Amino acid sequence: MKKSKKKTENKNLKYEYKPNVNLLAGWLKNILIAMIFVNSKKKKRELYKIILEKAEKNLVAINPNRSYTRKAYTSRRNKYSTNIRYNM
């Protein structure tokens, strides 16, 4: 994460960037399982480097003051009812 900040320091960018956590979580589950079953430290370091590389490549802009109020659903019915059975 520090490397990604160093790369973006010199550039004149509009927003700050952070790693995309959703994509990173998907890769982590597979890579961490592989790290558990690998015995050599060299392979574990390689897998750790892969995690860092993927985190650096997939960055997302942090938009400041981005908070929207959610509209309350005023109807008392279920918006998406699931108990309706259609006849064939």
Side-chain angles (χ1 to χ4, degrees):
M1 301 335 123
K2 292 178 183 178
K3 288 183 182 180
S4 63
K5 287 185 180 179
K6 287 181 183 178
K7 287 182 181 179
T8 58
E9 270 183 9
N10 298 335
K11 298 179 181 178
N12 187 15
L13 300 175
K14 186 174 180 180
Y15 300 115
E16 290 185 32
Y17 287 85
K18 67 178 182 178
N20 189 341
V21 179
N22 291 327
L23 290 176
L24 196 58
W27 293 315
L28 276 177
K29 67 179 180 181
N30 297 328
I31 295 174
L32 288 178
I33 291 171
M35 285 178 78
I36 291 170
F37 292 112
V38 171
N39 291 330
S40 68
K41 290 184 179 181
K42 184 178 179 181
K43 291 279 186 180
K44 287 185 181 184
R45 284 189 202 120
E46 289 175 8
L47 291 171
Y48 181 71
K49 287 180 184 178
I50 290 171
I51 293 171
L52 292 179
E53 287 173 5
K54 290 194 181 261
E56 290 174 10
K57 286 182 183 179
N58 296 297
L59 299 176
V60 178
I62 303 171
N63 297 330
N65 301 325
R66 183 159 185 238
S67 62
Y68 298 101
T69 57
R70 293 180 180 251
K71 295 179 183 178
Y73 189 67
T74 56
S75 175
R76 294 296 171 212
R77 290 184 182 179
N78 290 339
K79 188 172 182 181
Y80 303 108
S81 61
T82 58
N83 59 356
I84 297 174
R85 295 185 183 186
Y86 296 103
N87 293 331
M88 289 188 174

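All of these numbers come straight from a predicted model, not from anything done at the bench. The residues of the chain are indexed from 1 along the displayed sequence.
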Side-chain polar contacts of residues 20-46 - donor-acceptor pairs under 3.5 angstrom, sequence neighbours left out - could you list them?
residue, atom, partner, partner atom, Å
N20, OD1, N22, N, 3.3
S40, OG, K43, N, 3.4

Notebook entry, point to check: In a check of side chain to side chain contact (heavy atoms under 4.5 Å, CB included) between Y17 and each of L59, V60, I62, which one passes?
Noted result: L59

Notebook entry, point to check: For the residue pair A55 and P19, what are the closest heavy atoms and their distance?
Noted result: O-CB, 3.7 Å

